[in-house]
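Comments concern the structure below.
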Amino acid sequence: MQARTHHCGELRKTHVNQTVALAGWVNKYRDHGGVIFIDLRDRNGITQLVFRPTNEQLHETANRLRNEDVIWVQGNCIAREEGMANPKLETGDIEIEATSLEILNKSDTPPFTPDEAAKVGEETRLRYRYIDLRQKRMQQILKTRHRVTKIMRDYFDSNEFLEIETPFLCKSTPEGARDFLVPSRLQESSFYALPQSPQLFKQILMVAGLEKYFQIARCFRDEDPRADRQAEFTQLDVEMSFVNQDEVMDSIECLTRDIWKQVLDVDVPKIDRMTYAEAINRFGSDRPDLRFGMELVDISDLASQTDFKVFKGAIDDGGIVKAICVPGGASMSRKETDKLAEWVKQFGVGGMPVTKIDGGKLATGIAKFLEPITEQLIEKMGAKDGDLICFGVDKKSTIVHRVLGELRVKVARQLNMIEPGQWKWLWVVDFPLVEWNEENNRFDSLHHPFTAPNPEDMHLMDTDPGKVRSLAYDIILNGSELGGGSIRIHDKETQSKVFSLLGISKEDAAVKFGFLLDALRFGAPPHGGIALGLDRLIMHLENTTNIRDVIAFPKTQNGADLMTQAPSLVDQAQLQELHLRLAPSLKVDAIKE
RNA sequence: GGGGGUGUAGCUCAAUUGGUUAGAGCACUGGACUGUCGAUCCAGAGGUUGCGGGUUCGAAUCCCGUCACCCUCGCCA
């Protein structure tokens with residue numbers, strides 16, 4: 001094809017009288033019988049083409065143009081006459097009087113056009129992703145994504161980090177999420193796993209003396225997706241040697257400052273820190289959303305003064321009662337609060353007592369049970385007329401916190417209490433090293449098994465491990481976890497000790513993480529790092545709640561790619577090479593019985 | 001694996017709650033039109049109501065099963 005001289009978004013009055021050549025897609029055709037207008041689109045913008053009947057052959061060809069045809073056109077850039085300019089178009093002051101036209105590729109009638117794509121159902125958009133991605137919004141997101149990774153690379157480059165790739169074909173470890181497995185052809189019965197993160201490799205790079213590493217790394221976790229979660233996602237992975245947690249946090253803070261400044265022209269302030277314990281107590285969450293109030297208030301002492309069986313029962317069982325005050329929440333109907341009460345049950349609580357403030361008194365809900373503590377309750381909650389108080393009650397404080405933490409966010413959204421345009425950053429620090437897993441009767445890592453215990457708490461390791469804090473930190477933005485990291489264990493003794501605390505035997509540890517333990521024996525420097533979820537970061541910058549919007553080719557909740565139809569069946573021969581045979585379908589068996 | 005929602009023309013939706021031949025806008029096809037930019041006007045074509053079964057004189061509508069997509073719990077060191 002012939003070259004183009006310009007892009008479709010750049011022509012202005014200054015280009016008038018120039019002969020130009022453009023190429024792109026037919027965004028819209030308007031045929032007036034005589035004159036034909038074509039809106040030509042490329043990545044850069046839209047330019048109007050004009051075809052007049054004077055050139056019969058050219059006019060004939062233009063007449064055949066339809067949406068999404070790909071064309072090349074040459075013509076004169078002319079100024080539009082007074083009143084004919086289109087202020088909606090950046091190029092609206094000019095148009096191209098075409099002198100030559102080539103249809104590079106005729107398009108079938110598209111299932112939808114880029115202009116319509118925003119209104120089209122996601123299923124159709126994903127099936128025809130190449131059309132969906134033609135819409136401006138999607139190209140804008142991909143552009144932002146590119147800019148962000150570019151800023152990251154520039155930032156780390158100028159701070160003497162090295163970008164190093166780590167393997168995709170890795171050793172499977174049963175810890176953490178479910179692995180995606182890849183069968184080995186060369187070694188019968190053996191499997192690789194796709195990396196859940198480059199965690200161990202980056203630590204070993206520190207042992208190897210690379211000192212400062214980063215990678216924009218694809219990670220794979222075979223778990224059910226969510227609106228903000230895909231099985232395959234991207235992390236900015238960072239690791240540094242000879243650092244403490246402040247240095248890691250500062251370095252990431254500077255990076256976010258660069259990104260928010262360059263992409264949104266927003267200044268990121270010095271980011272506050274909050275301990276995990278405080279976050280849970282005040283917000284019922286380890287990723288508190290600070291864009292609104294409604295903090296959790298412990299009213300266990302007041303609750304025990306009532307005759308309300310639900311309160312008393314929970315407290316007698318060693319539980320707690322906490323509450324949040326919803327400003328103006330009394331406007332919610334019984335039906336609406338009932339619906340919320342039903343909703344919170346999914347988090348493990350039996351129900352949700354409520355009461356409203358009316359004329360300085362408690363009204364409706366469980367008001368009658370609260371009579372003896374009315375005044376103290378109103379004062380402690382800081383409640384006013386028209387407010388709603390929601391109670392979280394359970395014999396386990398973790399459930400109370402979870403319920404109220406989730407409720408707080410749900411209500412804030414429902415009642416539009418979140419003022420848009422806010423950026424509330426927070427570091428959550430002092431995570432517990434481990435938490436008790438009742439189901440399996442053992443301690444699990446809160447972060448991961450390589451996180452260093454806080455040296456101040458080492459004396460508790462044997463006596464009260466649940467109280468040991470770790471050197472882990474999460475960076476939170478508007479109530480969502482942007483990333484997290486920790487200072488790692490860099491000596492074999494501590495690592496062995498943590499493994500044994502987690503119930504991983506010496507033998508198991510040797511089989512699963514032997515290479516790491518080996519590495520720690522040969523001069524491992526103190527090191528630590530962090531990983532940021534790139535997809536979520538872009539979601540924030542582009543103000544979307546759908547992770548699929550920020551991924552060029554995402555998968556559905558069923559793990560399907562609707563465009564390529566992956567996953568799919570494979571040939572017997574392929575299976576044979578991999579020494580695999582499919583197990584009979586359980587479903588079919590069940591029907592036959 | 002559990003809970004909730006959706007599925008009707010290529011796309012977005014409607015169908016008076018079980019009642020005649022399932023409609024509209026956009027897109028598409030043909031025609032008209034020399035300044036539109038969401039062009040306009042006229043005409044036309046387009047349907048396995050996701051799929052399979054059942055109830056009924058009669059099903060897009062009710063029931064059972066199933067599939068896909070979305071939200072969510074579990075899961076996600």
Side-chain angles (χ1 to χ4, degrees), chain A residues 27-40 46-54 59 66-68 78 80-89 91-92 95 97 108-113 115-128 131-132 173-179 196-197 199-200 219-231 233 339 342-348 402 406 410 431 433-435 437 439 443-451 470 472 481 484 486 498 502 504 512-513 531 533 545-546 548 555-560 562 565 587 591:
Chain A
N27 197 58
K28 196 79 197 172
Y29 69 95
R30 292 178 293 280
D31 179 0
H32 285 251
V35 65
I36 295 172
F37 299 102
I38 300 290
D39 289 343
L40 186 66
I46 288 179
T47 298
Q48 173 167 286
L49 314 177
V50 194
F51 295 88
R52 298 182 193 284
T54 41
H59 192 260
R66 290 297 179 273
N67 291 338
E68 300 309 303
I78 58 176
R80 297 205 203 178
E81 285 174 37
E82 191 79 13
M84 288 176 194
N86 183 359
K88 288 181 196 164
L89 276 188
T91 58
E95 61 193 358
E97 172 108 54
D108 280 0
T109 301
F112 58 91
T113 61
D115 281 348
E116 298 170 322
K119 287 181 244 161
V120 172
E122 199 174 10
E123 215 174 327
T124 310
R125 286 174 51 205
L126 289 177
R127 177 162 173 212
Y128 302 98
I131 297 175
D132 186 35
T173 57
E175 265 68 34
R178 193 177 293 113
D179 279 331
Q196 295 178 24
S197 81
Q199 182 61 36
L200 294 172
C219 305
F220 306 86
R221 295 179 190 174
D222 190 4
E223 302 291 353
D224 289 8
R226 286 286 186 281
D228 62 350
R229 214 168 80 191
Q230 285 263 302
F233 62 102
K339 204 174 166 191
E342 194 56 40
W343 179 81
V344 297
K345 284 184 185 172
Q346 65 183 314
F347 304 109
R402 176 91 200 273
E406 297 281 356
K410 168 99 172 170
F431 280 80
L433 183 69
V434 293
E435 70 184 340
N437 180 330
E439 227 169 275
F443 284 107
D444 280 343
S445 289
L446 212 74
H447 197 55
H448 57 54
F450 321 107
T451 299
S470 66
E481 182 193 329
S486 62
V498 169
L502 296 173
I504 301 172
K512 293 171 188 166
F513 307 112
T545 52
N546 179 353
R548 293 177 298 279
K555 292 182 177 58
T556 69
Q557 207 155 72
N558 235 341
L562 297 181
Q565 296 284 292
K587 277 187 183 171
I591 292 165

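The sequence lines fix the lettering, A, B, ..., with proteins before strands; numbering per chain opens at 1.
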[X] vs [N]: side-chain N/O to OP1/OP2 distance below 4.0 Å:
| X | N | value |
| --- | --- | --- |
| A:Gln557 | B:C71 | yes |
| A:Arg402 | B:G74 | yes |
| A:Arg229 | B:C75 | no |
| A:Tyr29 | B:C28 | yes |
| A:Thr556 | B:C69 | yes |
| A:Lys88 | B:G38 | yes |
| A:Lys28 | B:G38 | no |
| A:Arg548 | B:C71 | yes |

Between atom [atom1] in [X] and atom [atom2] in [N], what is the gap in whole Å?
| X | N | atom1 | atom2 | answer |
| --- | --- | --- | --- | --- |
| A:Asn558 | B:U6 | CG | P | 19 Å |
| A:Arg30 | B:U34 | CZ | P | 17 Å |
| A:Glu122 | B:C69 | CD | P | 11 Å |
| A:Glu123 | B:G5 | CD | P | 18 Å |
| A:Arg125 | B:U12 | CZ | P | 11 Å |

Closer than 4.0 angstrom, basic N to acidic O: yes or no for A:Glu123 and A:Arg127?
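Salt bridge: no.
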Closest to the 5' end of RNA chain B, once A:Gln199 and A:Asp224 are matched to their nearest nucleotides, is A:Asp224
First of A:Trp343 and A:Thr54 reached from the 5' end of RNA chain B, by closest nucleotide:
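Taking each residue's closest nucleotide, the earlier one in sequence belongs to A:Thr54.
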Tell me every residue that passes salt bridge (charged side-chain N to carboxylate O under 4.0 Å, His left out) with A:Arg30, counting only those two or more places apart in sequence or in another chain.
A:Asp39
For A:Asp179, which residues count as a salt bridge (charged side-chain N to carboxylate O under 4.0 Å, His left out) partner, sequence neighbours excluded?
none
Could you work out which one of B:C37, B:A39, B:A27 sits closest to the side chain of A:His32?
B:A39
Check every atom of B:A68, B:U36, B:C73 against the side chain of A:Gln346 and return the nucleotide holding the closest atom.
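The nucleotide sitting nearest to the side chain is B:C73.
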List the steps and the verdict of salt bridge (charged side-chain N to carboxylate O under 4.0 Å, His left out) for A:Lys345 and A:Glu342.
CA-CA 6 Å; A:Lys345 284 184 185 172; A:Glu342 194 56 40; 3.3 Å; yes
